[in-house]
Structure formats: structure tokens, C-alpha cells
Asks: 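My questions all concern the structure below.
Residue numbers count from 1 along this sequence. Counting starts at 1 for both ligands and their atoms, in listed order.
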Amino acid sequence: MAKQTGFMEYSRENPSKLSADERIKNFREFEFLLLESKITNQAARCIDCGIPYCHSYGCPVNNRIPDWNDMVYKNQWKTALELLHSTINFPEFTGRVCPAPCEYSCTLSINQSPVTIKHIELQIVERGWKEGWIVPLLAKTKTRKNVAIIGSGPAGLTAAQQISREGHNVTVFEKSDKIGGLLRYGIPDFKLEKWVIDRRIAQLEAEGVIFEVGVDVGIDISPKYLKRTYDAVVIAAGASVPRDLKIPGRELHGIHFAMEFLSQQNKENAGDIIPQEKKISAKDKNVIVVGGGDTGSDCIGTAIRQGAKKVVQVEILPKPPSQRSTYNAWPAWPQILFTSSSQEEGCQRYWSLDAKKFSGENGNVTGVSFNKIQWSEADKYGQRKLIHVQNEDVFLEADLVLLAMGFLHVEHGNLVKDLNIATDAKGNILVDKNYQTSEQGFFATGDSMTGASLVVRAINHGRRTAQAVNNFLK
Ligand SMILES: Cc1cc2nc3c(=O)[nH]c(=O)nc-3n(C[C@H](O)[C@H](O)[C@H](O)COP(=O)(O)OP(=O)(O)OC[C@H]3O[C@@H](n4cnc5c(N)ncnc54)[C@H](O)[C@@H]3O)c2cc1C
Ligand code: SF4
């Protein structure tokens, strides 16, 4: 245990951030690292409770949180890093972008602020990079087995690293021009700067992983070819089919899926030139973001940085309560109102509105009409019914509408069709308990198998799939 009385002596301290006015001037990350003296006190707050829910319930990869808190408190950072890497390959990604379910299940959070687990995770791994402790780990022996991985998001990268460290030859095929999946072209730079991904890719390359970018499996090469050539294939293709809003006026100019907008900005930040006729810009525009989740928040932060006149976010669900309800007790994820850093930067939020119609002039969108909704009380299963309120429509002006209503499933193109790979009722790739698809030797992992989720879950499944592939190859 770090320090018996730590949680009574020290309060939670969050890392400081640039003010909203300052940070919206560019697309850089804006959170600072706490000083080492302060981080030691934060680690000292961990009470190493008998049943650490943060580790066993909150964190999807079961990070050994109390153990590394103890090591940080005792100034044994290298051991802390080894403990961290024993359960997660890329803590610098989760230390930046994880919503930290661990902190909501921290025992301290029952009656006070939880331990700053996510920030301590980030500090441990960044210390590791700074000290030069993170180096390529080469397999002791090579097996001559060849594994193809389709997709280079966090699930594909994790599987690639784990499989390669078992001595197998790994080639990652990525249809984009750069490696990283949604880490690269979904999550904005102000949450995750892209040198963070490049630094890890260099480690994977030094460990022997081969990356082939600009190869769309199913178009440039066929899954059947991969089946003939490789001993095992892992599909880590994500869940990129967006949920659409098929209401009158959808054909108007100025209505885009969130990912079209976000990926353009990340490309521009990387120095790519987007042709003027294809550019989606929020500058001087009234922007409506449809969808109240994290992707919507990323659209808000990006639109504000581009110089939008006004940004509005609309959600169909009711406004959540400010505190946990009795049906949503600790250690479960709290169903409460969150305000993201992007929402803090200046955005008007609406709840309980259902989009009915897009309006336009000369082929361009000018606004959206919404129907007010009343939600019934939750029944004994927690289900609420949606009731449209008659004659209470709301019209909001817009020159740009961004659709951020989630994703349906993996693309059902040639990658899935060529070998007739089975999907489940939701359209995700169906796997058995060993991550095997309906095609012998083909595995699936990450969002392509679960549906759209989180980076930490993608990493978790990447590790488990790698273990299953290794067992299969043995
Ligand atoms: C805008 C946005 C913001 C997000 N922010 C967060 C966040 O802050 N925190 C968090 O935890 N999660 C966040 N998420 C979710 C998280 O990014 C995903 O859950 C995670 O990236 C899924 O990892 P993956 O490896 O399964 O798939 P992906 O990251 O989607 O990667 C799949 C890769 O496969 C490639 N591919 C697909 N088909 C083929 C093919 N046929 N041939 C070759 N390559 C192919 C794609 O180009 C892509 O690079 C966010 C998601 C979005 C959309
Ligand atoms: S990966 Fe996420 S849930 Fe796990 S310890 Fe880190 S912040 Fe917490």
C-alpha cells in the first residue's frame, strides 16, 4: 500500500489545462503533467483496498493500478512501468484519451474524489519514454509462421505487437495512407498528438512488424489470397459505417458525417492539402452537431478551432441527472451529465430533440427542424418510452450539420463477402470464444467484432486475440 493515511492527508489534484481561450487557438494538446512531487502525493491517496474494483471491474485490461500506485509513491518508476506494460501495450494512448472507468469504480469515489489513475498511468509511461526504458522487445526465437493483420487501429497494433513478440512474422495491411486507425484520423490532435503514435510505430517496426499502407483488403488484395499465403489472419478493420439521419432534406449540401469532417482536419494538421472543393470548414458558420456523445464533442472542439460562428449540439436522449440515481450505484459507470473539454469551450446543448427535417436554400442547408420529445419514467427494466410532443417544434439555423450519431458496424464489403464471413444480428463479425470467425484461420478483434467502443477495449481484445492466434499456430 502506498501510504496508509495518504487519502486523508492529500486531496485529489487534476493536471492543469490551458484556458479555453488559449487552447482553441491551435490543435495542440492542452493538458500539462503534474510535477513529480505532486504525483507522488496523488499515488499516496490509493488505499490499496482489499477488492480493487478499479483493477478488476473498472479497467477493461485489468491494469494493476494499486501496484503501480505503490511503486510511484516509492519512487520506483521503472518497476511501475513494467507493471503497467504487463497488461497494456500503449498506455500513452489510454493515459490521454481513456474515459477512465477505473476512476468511477475507485473505492475512494464512494465518498470522495477518486485517485487520479489515468494521469498517473500517463506519467509512468511518459517517464519511461523520457528515461529510454521503452525499447524494442525482440522475440528470442522465430517460428517462421506468417500472420496478416487487416487494420492498424489500436486493436490491430496491439495484436501485431503481441503476435510478433511470440516470434511469428507479422504484416499489417492498412487501407489508409498512415498507420493508427481512429487514433490517427478520428481522435483530434488536441486530445492525442500524432507523434505519440509514430513513436510507438517505430518500436513495432524495430520489433519486426511490417506495415503495408494504402492496401485495401478486398480491393487491392483479396482475403482468399491472404488465406493461401498466411498461416493466420486477424481482421481488425474497425466499425466505420456511420448511423445516418434519413429525413427530408438529407441531400442538401453542408450535411456531413462527423468522420468526414474530423479526418480532414487531422490530415491538414499533418500537412496534407485538402482540395478547396472537398474542404468541409466550420469557419464563420452556424454549426449543428447531431449526437451528444464523444464524437460529437470532438466535432465541437474542431469546429470552434476552425472559427465557427456558433456551435450547437443536439441529443435525442433526456438531459442526464447531475448525480447517480439509486439504480446506478458505484462501482458502475455513472449515467450522469458530463461536460467535455470541447463543450466547455463554448457550445449550446439541447436534449430531448428528435430531428425531423433539414431546410435549405439553393441546395445548401440552412437549418434543422426538431420535434420536442418527452421521455416516460423508466420502467422496472430501466427502459423509457419516447413520446413526441405535438406542436412543439424547434428550428435551429445551420450552415453546417455534422452527424455524430454513432456507428453501425464493420463495412460489409469484399473483406467480409469474399469468404462469406458470418456476422451477428448487429452486423459485427461473429467470433467464437477463441476470437475465430466462421472462416478457419481467420480471427476478428476490436470494433469490427464488438461494434464501436473504446481504445482500451480495442487494446484488451487485441491482446486476447493475439493469445488465441498464438495457441492456434502452436
Ligand atoms: C471521432 C472519434 C473519437 C473517439 N475518441 C475516443 C476517445 O477519446 N477515447 C476512446 O477510448 N475511444 C475513442 N473513440 C473510439 C476508438 O477510437 C475506437 O473504439 C478504436 O479506435 C477501435 O479500434 P480498432 O483498432 O478496432 O479500429 P479502428 O481504430 O477503427 O481501426 C481500423 C483500421 O482498419 C482499417 N481498415 C478497415 N478496413 C480495411 C481493409 N479492408 N483493408 C485494410 N485496412 C482496413 C481502417 O482504415 C482503420 O485504420 C473514438 C472514436 C471516434 C470515431
Ligand atoms: S486504461 Fe483506462 S480504465 Fe484502465 S487504468 Fe487506464 S484510464 Fe483507467
Side-chain angles (χ1 to χ4, degrees), residues 54-55 57-65 68 84 87-88 90-91 93-106 114-122 124-125 148-159 172-188 191-192 212-223 226 234-240 242 257-259 261-263 266 293-299 302 340 404 406-407 410-411 413-416 418 444-462 465:
C54 59
H55 150 84
Y57 177 89
C59 176
V61 287
N62 304 120
N63 271 341
R64 297 165 67 182
I65 298 159
W68 36 259
L84 183 56
T87 50
I88 188 163
F90 314 124
F93 303 159
T94 45
R96 286 175 167 81
V97 304
C98 189
C102 53
E103 295 192 8
Y104 297 97
S105 61
C106 169
V115 175
T116 55
I117 300 171
K118 174 177 162 182
H119 189 67
I120 295 174
E121 175 178 19
L122 181 63
I124 297 171
V125 64
I149 296 185
I150 305 166
S152 67
L157 290 178
T158 305
V172 178
F173 294 99
E174 169 54 59
K175 69 177 175 183
S176 289
D177 59 343
K178 289 202 178 87
I179 297 298
L182 289 174
L183 299 169
R184 173 84 58 187
Y185 286 136
I187 301 178
K191 278 165 64 183
L192 176 71
E212 298 262 6
V213 293
V215 181
D216 192 336
V217 177
I219 303 226
D220 300 317
I221 49 173
S222 73
L226 293 183
V234 179
I235 302 173
S240 56
F257 288 118
M259 275 301 296
F261 175 67
L262 293 172
S263 60
N266 285 11
D294 292 341
T295 303
S297 265
D298 292 344
C299 291
T302 304
S340 69
F407 298 86
V410 65
E411 279 178 37
N414 293 344
L415 172 58
V416 171
D418 193 35
T445 194
D447 282 7
S448 64
M449 179 260 311
T450 57
S453 187
L454 295 175
V455 171
V456 62
R457 294 211 180 96
I459 293 175
N460 178 36
H461 289 297
T465 310

Asks: Touching ligand 1 at all, Ile150? Heavy atoms, strictly under 4.0 Å?
Replies: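 Per 4.0 Å heavy-atom rule, Ile150 contacts ligand 1.
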Asks: Relative to ligand 2, is Cys98 under 4.0 angstrom through side chain, backbone, both or neither, heavy atoms considered?
Replies: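 Looking at Cys98 and ligand 2, just side chain atoms fall under 4.0 Å.
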Asks: Is Val215 in contact with ligand 1, taking contact as a heavy-atom separation below 4.0 Å?
Replies: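 Yes; Val215 lies near enough to ligand 1 that a heavy-atom distance drops under 4.0 Å.
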Asks: How far is atom 27 (O) of ligand 1 from its nearest protein heavy atom, and which residue and atom name does that atom have?
Replies: Gly238 CA, 3.4 Å
Asks: Tell me whether Ser176 reaches ligand 1 (any heavy atom closer than 4.0 angstrom to a ligand atom).
Replies: yes
Asks: How many angstroms lie between CZ in Phe173 and CD1 in Ile221, if you round to the nearest 0.5 Å?
Replies: 4.0 Å
Asks: Counting heavy atoms only, name the option from Pro154, Gly153, Ser263 that's nearest to atom 21 (O) of ligand 1.
Replies: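 Comparing heavy atoms across Pro154, Gly153, Ser263, the nearest one to atom 21 (O) of ligand 1 lies in Pro154.
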Asks: Testing Cys98, Cys102, Pro91 for side-chain contact (heavy atoms from CB on, under 4.5 Å) with Val456, which one passes?
Replies: Cys98
Asks: Quick one: which ligand 2 atoms are inside 4.0 Å of a heavy atom on Ile65?
Replies: 5 (S)
Asks: Using a 4.0 Å cut-off to any heavy atom of Glu121, which atoms of ligand 2 qualify?
Replies: 1 (S), 5 (S), 6 (Fe), 7 (S)
Asks: Counting only heavy atoms, which portion of Asp216 has something under 4.0 Å from ligand 1: side chain, backbone, both, or neither?
Replies: both
Asks: In terms of atom number and element, which parts of ligand 1 are under 4.0 angstrom from non-hydrogen atoms of Asp298?
Replies: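 Result: 1 (C), 2 (C), 3 (C), 4 (C), 5 (N).
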Asks: From the options Val410, Asp447, Val213, Ile149, select the one whose nearest heavy atom is closest to atom 18 (C) of ligand 1.
Replies: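 Shortest heavy-atom distance from atom 18 (C) of ligand 1: Asp447.
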Asks: Could you check which of Val97, Asn266, Asn414, Ile187 puts a non-hydrogen atom nearest to atom 6 (C) of ligand 1?
Replies: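 Minimum heavy-atom distance to atom 6 (C) of ligand 1 goes to Ile187.
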Asks: Please identify which atoms of ligand 2 are closer than 4.0 Å to at least one heavy atom of Cys59.
Replies: 3 (S), 4 (Fe), 5 (S)
Asks: Closer than 4.0 Å to some heavy atom of Gly186 - which atoms of ligand 1 meet that?
Replies: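 Listed by number with element, the hits are 1 (C).
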Asks: Do any N/O atoms on Leu183 end up under 3.5 angstrom from N/O atoms on ligand 1?
Replies: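 In this structure, Leu183 places no N or O atom under 3.5 Å from an N or O of ligand 1.
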Asks: Could you state the interatomic distance from CH2 (Trp68) to CG (Asn63), rounded to the nearest 0.5 Å?
Replies: 5.5 Å
Asks: Hey, does the side chain of Asp298 reach the backbone of Ile187 with a donor-acceptor pair shorter than 3.5 angstrom?
Replies: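 Pair absent, no side-chain N/O of Asp298 close to backbone of Ile187.
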Asks: Drop me the distance from Ile88's CD1 to Asn62's CG, to the nearest 0.5 angstrom.
Replies: 10.5 Å
Asks: Is ligand 2 less than 4.0 angstrom away from at least one heavy atom of Val61?
Replies: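 In this structure, Val61 fails to qualify as a contact of ligand 2 - no heavy atom is under 4.0 Å.
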Asks: Measuring only between side-chain heavy atoms, which start at C-beta, is Leu183 closer than 4.5 Å to Pro154?
Replies: yes
Asks: Closest non-hydrogen protein atom to atom 52 (C) of ligand 1, residue and atom name please, with distance?
Replies: Thr295 OG1, 3.8 Å
Asks: Write out the residue and atom name of the closest protein heavy atom to atom 42 (N) of ligand 1, then the distance separating them to 0.1 Å.
Replies: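 Here the nearest protein heavy atom works out to Val217 N, 2.9 Å.
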Asks: Taking the side chain as every heavy atom from C-beta outward, state whether Ile149 and Thr445 have any pair of such atoms under 4.5 Å apart.
Replies: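 Sidechains of Thr445 and Ile149: no contact.
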Asks: Mark up the atoms of ligand 1 that fall under 4.0 Å of a heavy atom belonging to Phe173, in ascending order.
Replies: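 Reading through ligand 1 atom by atom, the close ones are 43 (C), 44 (N).
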Asks: With a heavy-atom distance limit of 4.0 Å, tell me whether Leu157 approaches ligand 1 through its side chain, its backbone, both, or neither.
Replies: neither
Asks: Drop me the distance from Asp447's CG to His461's NE2, to the nearest 0.5 angstrom.
Replies: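 With rounding to 0.5 Å, CG (Asp447) is 9.0 Å from NE2 (His461).
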Asks: Rounded at 0.5 Å granularity, tell me how far CD1 in Ile117 sits from SG in Cys59.
Replies: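 Rounded to the nearest 0.5 Å, the CD1-SG separation comes out at 8.5 Å.
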Asks: Distance check, rounded to the nearest 0.5 Å: Thr94 atom OG1 versus Ile459 atom CD1?
Replies: 5.5 Å
Asks: Can you list the ligand 2 atoms lying under 4.0 Å from a non-hydrogen atom of Pro101?
Replies: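 Matching atoms, with element in brackets: 3 (S).
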Asks: So, Lys175 and Glu411, do they make that salt bridge, N to O below 4.0 Å?
Replies: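 Salt bridge flag = yes for Glu411 with Lys175.
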Asks: Which ligand 1 atoms does Leu415 reach within 4.0 Å, using its non-hydrogen atoms?
Replies: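 In order of number, 41 (N).
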Asks: Which pair of heavy atoms, one from Phe407 and one from Pro242, lies closest together, and at what distance?
Replies: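 Of all heavy-atom pairs spanning Phe407 and Pro242, the closest is CD2-CA, 3.9 Å.
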Asks: Please report which non-hydrogen protein atom sits nearest to atom 25 (O) of ligand 1, along with the residue it belongs to and the distance in Å to one decimal place.
Replies: Ala155 N, 3.0 Å
Asks: Determine, considering heavy atoms only, which of His461, Glu174, Glu411 sits nearest to atom 49 (O) of ligand 1.
Replies: Glu174
Asks: N/O of Val455 under 3.5 Å from N/O of ligand 1, yes or no?
Replies: yes
Asks: Below 3.5 Å, N or O to N or O, backbone or side chain included: is there any such pair between Ala452 and ligand 1?
Replies: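 By distance alone, the answer is no.
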Asks: Counting each atom of ligand 1 from 1 as listed, which ones have a heavy atom of Gly181 under 4.0 Å away?
Replies: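 In order of number, 29 (O), 31 (O), 48 (C), 49 (O).
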Asks: Which pair of heavy atoms, one from Gly151 and one from Val172, lies closest together, and at what distance?
Replies: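 Smallest heavy-atom distance, with atoms named: O-CG1, 3.7 Å.
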Asks: Which of the atoms of ligand 2 are close to Cys102, meaning less than 4.0 Å from one of its heavy atoms?
Replies: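 Counting from 1, the qualifying ligand atoms are 3 (S), 5 (S), 7 (S), 8 (Fe).
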Asks: Has the side chain of Asn460 got a donor or acceptor atom that lies under 3.5 Å from a matching backbone atom of Val61?
Replies: no
Asks: Between Ala239 and ligand 1, is there a nitrogen or oxygen pair with a distance under 3.5 Å?
Replies: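 N/O-N/O distance below 3.5 Å does not exist for this pair.
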Asks: At what distance is the nearest protein heavy atom to atom 5 (S) of ligand 2, and which residue and atom is it?
Replies: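 Checking every protein heavy atom, the shortest distance to atom 5 (S) of ligand 2 gives Asn63 ND2, 3.4 Å.
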Asks: Give me the residue, atom name and distance of the protein heavy atom closest to atom 8 (O) of ligand 1.
Replies: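 Protein heavy atom with the smallest distance to atom 8 (O) of ligand 1: Lys191 NZ, 2.9 Å.
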Asks: Which atoms from ligand 1 have a heavy atom of Phe407 less than 4.0 Å away?
Replies: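 Matching atoms, with element in brackets: 53 (C).
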Asks: Which residue and atom name correspond to the protein heavy atom nearest atom 37 (C) of ligand 1, and how close is it?
Replies: Ala237 O, 3.2 Å
Asks: Kindly give the heavy-atom pair with the smallest separation between Ser152 and Glu174, and that separation in Å.
Replies: OG-OE1, 2.8 Å
Asks: Please list the nearest protein heavy atom to atom 14 (N) of ligand 1 with its residue and the distance rounded to 0.1 Å.
Replies: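 Looking only at protein heavy atoms, the one closest to atom 14 (N) of ligand 1 is Ser453 O, 4.2 Å.
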Asks: Give the minimum heavy-atom separation between Tyr57 and Ser105, together with the two atoms involved.
Replies: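 Where Tyr57 meets Ser105 most closely, the heavy atoms are CD2-CB, 4.0 Å.
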Asks: Could you list which atoms of ligand 1 come closer than 4.0 Å to a heavy atom of Gly446?
Replies: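 Matching atoms, with element in brackets: 26 (O).
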Asks: Between Leu454, Ile219, Leu182, which one has a non-hydrogen atom sitting closest to atom 29 (O) of ligand 1?
Replies: Leu182
Asks: Mind listing the closest non-hydrogen atom pair of Arg96 and Leu122 along with its distance?
Replies: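 So the two residues come closest at NH1-CD1, 3.5 Å.
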Asks: If the cut-off is 4.0 Å to any non-hydrogen atom of Ala236, which atoms of ligand 1 fall inside it?
Replies: 32 (C), 33 (C), 34 (O)
Asks: Of all the heavy-atom pairs spanning Ser176 and Val213, show the shortest one and how long it is.
Replies: O-CB, 3.5 Å
Asks: Indicate yes or no: at least one non-hydrogen side-chain atom of Arg457 is less than 4.5 angstrom from one of Thr450.
Replies: no
Asks: What atoms of ligand 2 come within less than 4.0 Å of a heavy atom belonging to Val456?
Replies: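 By the 4.0 Å cutoff, the relevant atoms are 1 (S).
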Asks: Starting from atom 45 (C) of ligand 1, which protein heavy atom do you reach first, and at what distance in Å?
Replies: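 Going atom by atom, the protein heavy atom closest to atom 45 (C) of ligand 1 ends up being Lys175 CG, 3.8 Å.
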Asks: With a 4.0 Å cut-off on heavy atoms, is Tyr185 in contact with ligand 1?
Replies: no
